[in-house]
Structures are given as C-alpha cells and as structure tokens.
Amino acid sequence: MDLQLTEEQELIIKMAREFAETEVGPKAAEVDKNHRFPEETVARMAELGLMGIPIPEEYGGSGSDYLTYVMVVEELARACATTGVILSVHMSVCTYPIFQLGSDDQKKKYVVPLAAGEKLGAFALTEPGAGSDAAAQQTTAVLDGGHYVLNGTKCFITNGAYADVFIVAAMTDKSKGTKGISTFIVEKGFPGFSVGQTEDKMGLKGSSTTEIILKECRVPVENLLGKEGDGFKVAMAALDGGRISIAAQAVGIAQASLDASVAYAKERKQFGKPIASFQAIQFMIAEMATKIEAARGLVHRAAWLKDHHLPVTQTSAMAKYYAAEVASWCSNRAVQIHGGAGYTTAYPAERLMRDAKVTEIYEGTTEIQKMVIAGSLLR
Ligand code: CAA
C-alpha cells in the first residue's frame, strides 16, 4: 500500500485545512448553539471544488480520489463535525454511488450538478422499523406506466431539509426479501415528496436530520438506480464507502479533542505548574495520540482499497468501528482534562463529546460493524 501523496493531493488537503481553520472552525460553536445548517459553508465548499473531490472532471468533480476526499472530511470534521457529515453523506452515499452504479444519463443529470456542489445529496434507507435491520423496508414502489409510485416514511435522513437529490430504498417485491428491494434517485421536487419532522439531537446540531415522507410519490422509471431487486446491494455498497468517510469524520473529532487537550494542558496551572507536567495528563495525551494514529491508518487503508477497486467491506467496517470508539474515548478524555471548564460551553470539549457519540451509531452501529467484520471472517 503506497500512501505517498502526490503534489496535487497535498494541495487539495492543504487548501481544505486552511479553509477549515479560517472559515469553518470559527463558526462551529455558533452553528451548534443555534442548530444552524451552515448553508454558506456548503456554498464555499462548492466554490473550492470540495463537493466533488473523487469524481472525474468530466462529471463535474475535481478528478482526485477517495483517499484525498476522506482526508478532507477529516480536516473539516476537525474544525466542525457538522460540516464533515454534510460532505460525507452528500458524497459517499449519494453522489459516489450514482457515479459508480448509475447509467450515463443518470450521471449526466445528477452527478454533474452534485459534484459541482450546485445540488446537495442525501441517502434514505432508514425507516422507523428498519434501522439496523435495513432489510425490513416497509416503503413500497409500484410500477405504474412510466413511473414507480413510492409510499412510505424514511427517518434520520442527514441533509434531509436541504438536499435536492436522494437515493431512496423501497420494496418492489415484498415476497423476495432483500432481493425485492430497489433503489431510486428521487428529487425533492417530485410530486408526493415532502420533508417531515426535524430531529432535535444531542450533537451535530447544525446537521439537518429529518423524516422524508413519500406519498404516492411518482418517480420516473429511468430513475431506478441499478436493476430492480438490486437495491439492498446498492445500499450496502454505498454504506461500505460511507463508513470510511464517517470513520474519517470520527478521526477529525478525535484529533480536535487532542488539539484542545494539548492546548489546555499547557495553559492550565494547578499545584503551581501547568497540568501538562503531570503524568496522569501526559498518559491520557499519549494514549489519545496513539489511538488516533491507529484509527487514521485504518481509514487510509480502507480508502486505498476503495481507490484500487479491492474488497473493502471488512476494512471499512473496522475503520468505522474503531474510529468511532476512538472519537468517543478521546472526546471524553478531553472533557476530563479540561475538568469543570470542559463541562461548560466555554470550551469545545463538551461539543466534541456530543458530536462524537453518533459516529458509533449512524451508518451502522458499532455492533453492526462487528457483525459485518465477524461475518466476513466466519463465512
Ligand atoms: N456489498 C454488497 N452486497 C452486500 C453487502 C455489501 N457490503 N452486504 C451484504 N450484501 C448482500 C449479501 O451478499 C446478500 O446477497 P445474496 O443474498 O445474493 O447472498 C444480501 O446483500 C443480503 O445480505 P445479508 O444476508 O448479510 O443481509 P442482512 O439482512 O443480514 O443485513 C446487515 C446485513 C449488515 C445487518 C445490514 O442490514 C446493515 O448493514 N445494517 C445496518 C444498516 C445501516 O448501516 N443503516 C444506516 C443508514 S444511513 C444513516 O445512518 C443515516 C444517514 O443519513 C447517514
């Protein structure tokens, strides 16, 4: 595995880091406090070419690769985890699967504006009764002439109220189990499509998490993504890619926790000296740094596998499982190092701890990742 970055990759990552530090990070606390979706940040990301990093230029992207893209997600999440997940969902589980699996017409119609950042993407698989058990889809799609008619409710949809294009899973044949599920490209303007309730969450408060309601929603047949009955595999393959970028988001949160801890430990004095001089603090810092490096290594390995079209399901699940635990552990340590101050909103530590938790839950809980890893080992 050669992870030596090219000059071009380094330029993209450097630009993303500068953007994250100067424009994204300074707004993170306000975005969190006001539960505000940072529309202006998304517009700037489009201007900078960050909404289409792994998509070829002929389809509106920057023509780079998945590794560079996940490294950018880490940089953004280090500054603001909300911004990291907006890009992650837009690219990994909407734009990229359409690019990989879509017809040429679908790519021209949807990937081009998505990769250019003119449109925002989302992924609608989860339902009230189909969370970890993604196969238990209740949403139906019935063929009616030139359209499929979709009925059902999706929930916990990231980017829900702001996305223009959704990949939606629905049952085309309930008798066939997972082989009766199909995926569709659905536009927010299609008749019968509406956005339902917005969730009030523990963290990632600037990220829009909503229900999507499909009521006699008419979707043209040409918007079927993949073949009829292939939808479960399409969704799982999308999640294989999605889990790498969520893992990158988790590494970004963990790195921000370490950055904040190092700065505070040097500045805060107790017993007449900076708390950084105490071994208890030094050990926490050393453990955080080591776990972060290990998690980052898994993320980069998974992205490299994906870029080389090698099997990635197991490594992607490992990266997501491990990086999410590292993010939660490091952010918890960051609050501890900050002491009472860390429990207040005067410092970012409490926000990092709230933001970290969901990385253990969405795009497949830690327990689901372990099932995927064990499943591929014991098959
Ligand atoms: N790639 C391609 N195909 C795959 C696959 C993958 N990664 N994983 C499974 N499949 C195929 C299997 O090979 C199998 O095909 P065959 O029948 O032809 O052999 C078929 O799919 C069914 O597989 P399983 O029997 O393993 O299916 P299952 O019902 O046992 O489910 C599961 C497996 C891993 C538990 C799956 O349901 C799962 O990943 N659940 C978690 C769902 C999830 O991550 N949801 C998050 C939604 S997105 C979100 O969080 C919100 C957001 O906006 C970010």
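Start at 1 and go down the list; that is how both ligands and their atoms are numbered.
Inside a 4.0 Å radius of atom 42 (C) of ligand 1 there is at least one protein heavy atom. Protein non-hydrogen atoms do reach within 4.0 Å of atom 27 (O) of ligand 1.
Assignment of Gly131 to the shell around ligand 1 is supported, since a heavy atom sits closer than 4.0 Å.
Looking at atom 16 (P) of ligand 1, its nearest protein heavy atom turns out to be Lys179 NZ, 3.3 Å. The single protein non-hydrogen atom nearest to atom 50 (O) of ligand 1 is Glu363 N, 2.7 Å, given as residue, atom name and distance. Among protein heavy atoms, atom 6 (C) of ligand 1 sits closest to Met236 CB, 3.4 Å. In terms of protein heavy atoms, atom 29 (O) of ligand 1 is closest to Ala135 CB, 3.8 Å. Nearest protein heavy-atom neighbour of atom 47 (C) of ligand 1: Thr126 OG1, 3.3 Å. In this structure, the protein non-hydrogen atom closest to atom 7 (N) of ligand 1 is Asp240 OD2, 2.9 Å. Closest protein heavy atom to atom 52 (C) of ligand 1: Thr158 OG1, 3.4 Å.
Here the two rings, on Trp304 and His300, have centers that are 6.0 Å apart or farther. Ring centroids of Phe99 and Tyr96 are separated by less than 6.0 Å, placing the two rings close together. Not less than 6.0 angstrom separates the ring centroid of Tyr362 from the ring centroid of Phe156.
Checked by atom type, the side-chain pair Asn223/Glu187 shows no donor-acceptor distance below 3.5 Å. At a cut-off of 3.5 Å, with distance as the only test, a side-chain donor of Asp104 or Tyr59 sits close to an acceptor on the other residue. For the 3.5 Å distance criterion, the side chains of Glu228 and Ser182 fail to qualify, holding no donor opposite an acceptor. With 3.5 Å as the limit, one finds a donor-acceptor pair spanning the side chains of Ser245 and Ser92. Defined by atom type and a distance below 3.5 Å, a donor-acceptor pair is present between the side-chain atoms of Glu127 and Thr139. Using modelled atom types, one finds no donor on one side chain facing an acceptor on the other under 3.5 Å when comparing Gln336 with Asn332.
With Lys233, Gln369, Met371 as candidates, the residue nearest to atom 11 (C) of ligand 1 on a non-hydrogen basis is Lys233. When the heavy-atom distances from atom 20 (C) of ligand 1 to Phe156, Phe166, Phe232, Phe123 are ranked, the shortest goes to Phe232.
Looking at Ser132 against ligand 1, only its backbone comes within 4.0 Å, counting heavy atoms. With a heavy-atom cut-off of 4.0 Å, Val89 touches ligand 1 through its side chain alone. Here Leu239 has side-chain heavy atoms under 4.0 Å from ligand 1, and that is the only part of it that gets that close. Of the heavy atoms in Val372, only side-chain atoms (C-beta onward) come closer than 4.0 Å to ligand 1. Here Arg243 has side-chain heavy atoms under 4.0 Å from ligand 1, and that is the only part of it that gets that close.
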Leu87/Val72 under side chain to side chain contact (heavy atoms under 4.5 Å, CB included): CA gap, chis, key distance, verdict: CA-CA 9 Å; Leu87 176 60; Val72 167; 4.3 Å; yes
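Residue Leu125 has no N or O atom closer than 3.5 Å to an N or O atom of ligand 1. When only interatomic distances are considered, the shortest N/O to N/O separation between Asp133 and ligand 1 does not fall below 3.5 Å.
Relative to the ring axis of Tyr66, Lys306 places its NZ or CZ within 45° and under 6.0 Å from the centre.
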